[in-house]
Amino acid sequence: MKVLIADDESVSRHMLRRLLMKWGYEVVAAEDGDAAWNFLKSPDAPRMALLDWMMPGRNGVEVCRELRKHRPEPYTYLLLLTAKDAKESVVEGLESGADDYLTKPYHPQELRARIRVGLRLLDLEDNLVQAREAMRFKATHDTLTGVWNRGAIMESLEREVSRSRREGSSLGVLIADLDHFKSVNDTYGHLAGDHVLREVTKRMQADVRPYDAVGRYGGEEFLILLPGCDNTATREKAERLRSAIMQYPVETESGPLNITMSVGAVASGDWPRSTANQILQMADSALYRAKEEGRNRTVVAGQPEYDDAHRAALELLSSGR
């Protein structure tokens, strides 16, 4: 545990440093409140700080207020060291954001006990943060594959479509469906099917950019969002993903399985007035075409072979007429 001590009196600061180091803590020291604030707002700031109340620059109470206002997480335990023992001063110190206070001169063992209380509170805080993040992950991610779940990827689609309109860019949207996946479950069992889904997801994630998004759209269908991709780039990335899936068999307990994938793709730049739902419908229709034409292929909405009547109907929907 790294502990910050802030005291403008060099003798007090030196004695406190030696005491904490004797107890096994890593110590950083500040000579005034401004230096203490600079330590506390840094990315690798100490999680515990012992602050003298009266210091040049910011005093201990002001440092507490600044920290609670501008850096709520990760939580830092703040202990005020003060010669003031009036009730009004104690209340002011605690209301500023300090977790505890100790009146000078203090007994070393009492200080050690207060620090241990702080450590327990920090452990509790960390456990609560971990539990919160775990719940947040479960609420937005698919349990089996670990990618975004349907609700989260649909929200992301809405945001990305809005952003592409605002910035005048193009968003690539893919709906990918594993070919004949039902036969995998029927022939080799659902455990093998689950293994295939997890492996396919790993290959997809390994082949997309850090700012692309992969989500499980439903069953064996995946929705992939590719910001900044026009028609050509969208098709290229769809083909790369499809190749990554089929390039090597998926090893399962039942043996290696050859898996292929059909992809329906749309570049929003070709349909700048379309809503997220309309773009999704186009991608779904393109996927249907890919399956009709023999599977294991990519069809991009808006290509010359795309159905002209369907294109006209979508343009009519986009215009609001």
Side-chain angles (χ1 to χ4, degrees), residues 140 142 147-179 200-201 204-205 207-245 260-321:
T140 56
D142 177 62
V147 297
W148 298 111
N149 59 25
R150 182 185 177 95
I153 195 66
M154 291 296 288
E155 287 182 8
S156 185
L157 173 65
E158 292 280 355
R159 288 195 302 270
E160 291 296 338
V161 168
S162 296
R163 183 166 68 175
S164 65
R165 280 182 181 175
R166 185 172 62 251
E167 298 177 354
S169 59
S170 181
L171 170 70
V173 178
L174 311 178
I175 298 182
D177 185 89
L178 303 187
D179 297 325
V200 164
T201 304
M204 287 183 183
Q205 289 181 300
D207 208 67
V208 298
R209 301 164 299 180
Y211 50 88
D212 294 333
V214 177
R216 191 175 179 191
Y217 189 49
E220 66 273 20
E221 286 189 335
F222 295 87
L223 181 60
I224 301 107
L225 309 180
L226 308 167
C229 287
D230 60 12
N231 189 297
T232 301
T234 297
R235 181 178 182 84
E236 289 176 353
K237 290 184 177 293
E239 285 294 280
R240 281 181 54 184
L241 285 171
R242 191 175 63 82
S243 297
I245 301 306
T260 62
M261 184 171 72
S262 300
V263 183
V266 180
S268 69
D270 295 338
W271 314 86
R273 292 184 294 175
S274 295
T275 65
N277 189 54
Q278 289 167 347
I279 290 172
L280 201 60
Q281 289 175 355
M282 283 188 275
D284 196 49
S285 296
L287 174 63
Y288 183 77
R289 280 284 305 279
K291 289 187 170 293
E292 273 192 329
E293 294 174 9
R295 295 183 169 84
N296 191 23
R297 67 192 64 225
T298 296
V299 171
V300 181
Q303 288 180 319
E305 67 270 21
Y306 195 77
D307 187 275
D308 290 336
H310 186 61
R311 185 205 299 241
L314 287 169
E315 287 179 340
L316 190 63
L317 280 172
S318 298
S319 67
R321 290 179 289 176

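A distance of 5.5 Å separates CE of M261 from CG of L241, quoted to the nearest 0.5 Å. Here R209 contributes atom CZ and L226 contributes atom CG; the two are 6.0 Å apart, rounded to the nearest 0.5 Å. Rounding to the nearest 0.5 Å gives a distance of 10.5 Å between CG of L223 and CG of D284. In this structure, D230 CG and E236 CD are separated by 8.5 Å, a value rounded to the nearest 0.5 Å.
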Please list, one pair per line, the donor and acceptor atoms closer than 3.5 Å that link side chains of residues 151-161 to other protein atoms, with sequence neighbours excluded.
unit_1: E160; atom_1: OE1; unit_2: R163; atom_2: NE; d: 3.4
unit_1: E160; atom_1: OE1; unit_2: R163; atom_2: NH2; d: 2.8
unit_1: E160; atom_1: OE2; unit_2: R163; atom_2: NH2; d: 2.9

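Applying the salt bridge (Lys or Arg N to Asp or Glu O under 4.0 Å) test to D270 and every residue at least two apart in sequence or in another chain returns nothing. Scored by the side chain to side chain donor-acceptor pair (under 3.5 Å) test, R242 finds E239, N296 as partners (sequence neighbours excluded). For D177, the side chain to side chain contact (heavy atoms under 4.5 Å, CB included) partners two or more places apart in sequence, or in a different chain, are E220, E221, L287, K291. With sequence neighbours left out, the side chain to side chain contact (heavy atoms under 4.5 Å, CB included) criterion links A238 to L174, V263, T298. For S262, the side chain to side chain donor-acceptor pair (under 3.5 Å) partners two or more places apart in sequence, or in a different chain, are D179. Residues passing the side chain to side chain contact (heavy atoms under 4.5 Å, CB included) test with S164, sequence neighbours excluded: S169, L171, S268. Listed by chain and number, the residues in a side chain to side chain donor-acceptor pair (under 3.5 Å) with D142 are T145, R216 (sequence neighbours excluded). Every salt bridge (Lys or Arg N to Asp or Glu O under 4.0 Å) that R240 has, sequence neighbours left out, goes to D207. Applying the side chain to side chain contact (heavy atoms under 4.5 Å, CB included) test to Q205 and every residue at least two apart in sequence or in another chain returns V147, T201.
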Run K237 and V208 through side-chain contact (heavy atoms from CB on, under 4.5 Å) and show every step you take. CA-CA 8 Å; K237 290 184 177 293; V208 298; over 6 Å; no

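S170 places a side-chain N or O within 3.5 Å of a backbone atom of C229 that can act as its donor or acceptor partner.
Side-chain atoms of L225 and W148, non-hydrogen and from C-beta on, never get closer than 4.5 Å to each other. Within the 4.5 Å cutoff, no side-chain heavy atoms of P227 are placed close to those of E167. Residues L280 and V266 fail the side-chain proximity criterion, which asks for heavy atoms closer than 4.5 Å. Between W271 and Q278 the shortest side-chain heavy-atom distance does not fall below 4.5 Å.
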